[in-house]
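Each ligand, and each atom within it, is numbered from 1 in the order the structure gives.
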Amino acid sequence: MPTFRFRRAAAAVIAAVLPLSLAACGGGDENKIVIGTKFDQPGLANKNPDGTMSGFDVDVARYVADKLGYTPEQIEWKEAPSGQRETLIQNGQVDYIVATYSITDARKEKVDFAGPYLLTGQSLLVRADNTDITGKDSLENNKVLCSVTGSTPAQKIKDEFPGVQLQQYDTYSACVEALKNNAVDALTTDEVILAGYAAQTPGAFKIVGEPFSEERYGIGLKQGDDELRGKINDALEQMLSDGAWQDAFEQNLGPAGIATPTPPAVDRY
Ligand code: GLU
């Protein structure tokens, strides 16, 4: 059995204060699923001003939850910044994470992944009026680059571009603010994430150069929970075959100008 946390105690308290009729017909809402995602990545996973969640990752997470038997109302969203994802899973604070989360061997030492469900690659975002950063090689000229602690793009810069001045923030939205305010020259992360930010503020930014890594997005879950991983993989395959994956991509990332890619095959390791 998957180790979803049943909040019976909390549900019982709520039920006790509800009018009888409501409690009677509401029924069955005593368990929840806790899903980790980003709250600040438009197009992928964004917490809107009205409190609702939207984006491609959110739609993938909801589809999977539905196949696991949870209604949208039974989902509790938990913010999962890049640097905290493995810990959130290992501590049991989330049931699974859908948060632009690349499958890597290093992370697989701590968590397991269902998927992949999307392929993308690391790229660069600069201010629209920038002319001297045209790709990754321009960065060596004393450029200040922003990325996020615990992310694969930050790690790649440290490993392969030691001459670059890397500033690591906790979130990409903090990097976007820094880019706006001229505190940094560029922001690096996955192209789909950058496209979401560029679309959010039309005319302010542009993506430059070609992607220079391969990122395979997976759904992170507790290591060794093969049953849950199998069920999530089943759900992802269904999402691909019934067209919901394509619809979710077009709806969330189409407006950012990204053509719907060919989805990857799920890896049943
Ligand atoms: N996909 C990369 C990663 O998992 C970058 C995006 C992110 O930080 O969420 O590190």
Is there a heavy atom in Lys156 that sits closer than 4.0 Å to ligand 1?
no
Ignoring hydrogens and angles, state whether a donor on the side chain of Asn252 or Asp59 is under 3.5 Å from an acceptor on the partner side chain.
yes
Any N or O on Thr100 sitting closer than 3.5 Å to an N or O of ligand 1?
yes
So the atoms of ligand 1 within less than 4.0 Å of a heavy atom of Arg107 turn out to be 3 (C), 4 (O), 10 (O)
Are any side-chain N or O atoms of Ser147 and backbone N or O atoms of Thr188, one a donor and one an acceptor, separated by less than 3.5 Å?
yes
In ligand 1, the atoms that come under 4.0 Å of a heavy atom of Tyr217 are 1 (N)
Kindly assign one of parallel, tilted or perpendicular to the pair Phe56 and Trp245, based on the angle between their ring planes and the thresholds 30° and 60°.
perpendicular
Looking only at heavy atoms, what is the nearest atom pair of Gln168 and Gly150, with distance?
OE1-N, 4.3 Å
Under 4.0 Å to a heavy atom of Tyr101 - the qualifying atoms of ligand 1, by number
4 (O)
Below 4.0 Å from ligand 1: does a non-hydrogen atom of Val148 turn up there or not?
no
What do you reckon, does Gln122 put a non-hydrogen atom under 4.0 Å from ligand 1?
no
Contacting atoms of ligand 1, where contact means under 4.0 angstrom from a heavy atom of Lys38
7 (C), 8 (O), 9 (O)
Any sub-3.5 Å donor-acceptor pair from Arg107's side-chain atoms to Glu86's backbone N or O?
no
Any N/O of Ser102 closer than 3.5 Å to an N/O of ligand 1?
yes
Which ligand 1 atoms does Ser82 reach within 4.0 Å, using its non-hydrogen atoms?
7 (C), 8 (O), 9 (O)
For ligand 1, note which part of Asp190 has a heavy atom under 4.0 Å away: side chain, backbone, both or neither.
side chain
Examine Thr189 against ligand 1 and note whether any of their N/O atoms are separated by less than 3.5 Å.
no
Under 6.0 Å between ring centres: does that hold for Tyr101 and Phe113?
yes
Between Lys47 and Thr37, does any side-chain donor sit less than 3.5 Å from a side-chain acceptor?
no
Does any donor atom in the side chain of Tyr63 or Asp242 lie under 3.5 Å from an acceptor atom in the other side chain?
yes
Between Asn48 and Thr52, do the side chains contain an N or O donor and an N or O acceptor separated by less than 3.5 Å?
yes
of all protein heavy atoms, closest to atom 2 (C) of ligand 1 is Thr152 OG1, 3.2 Å
Thr104 near ligand 1, heavy-atom distance under 4.0 Å?
no
Closer than 4.0 Å to some heavy atom of Ile193 - which atoms of ligand 1 meet that?
6 (C)
Worked check of side-chain hydrogen bond (donor to acceptor under 3.5 Å, both in side chains) between Asp57 and Tyr117
CA-CA 10 Å; Asp57 275 351; Tyr117 64 91; 2.6 Å; yes
So the atoms of ligand 1 within less than 4.0 Å of a heavy atom of Ser151 turn out to be 8 (O), 10 (O)
Suppose I only count heavy atoms of Arg85 and a 4.0 Å limit; which atoms of ligand 1 are within that range?
3 (C), 4 (O), 7 (C), 8 (O), 9 (O), 10 (O)
Can the positive tip of Lys143 be found less than 6.0 Å from the middle of the six-membered ring of Phe161, inside 45° of the ring normal?
no
Salt-bridged, Arg268 to Asp234, with N to O below 4.0 Å?
yes
Any heavy atom of Ala99 under 4.0 Å from ligand 1? The part involved is backbone
Just let me know how Gln155 lines up against ligand 1, side chain, backbone, both or neither, with a heavy-atom cut-off below 4.0 Å.
neither
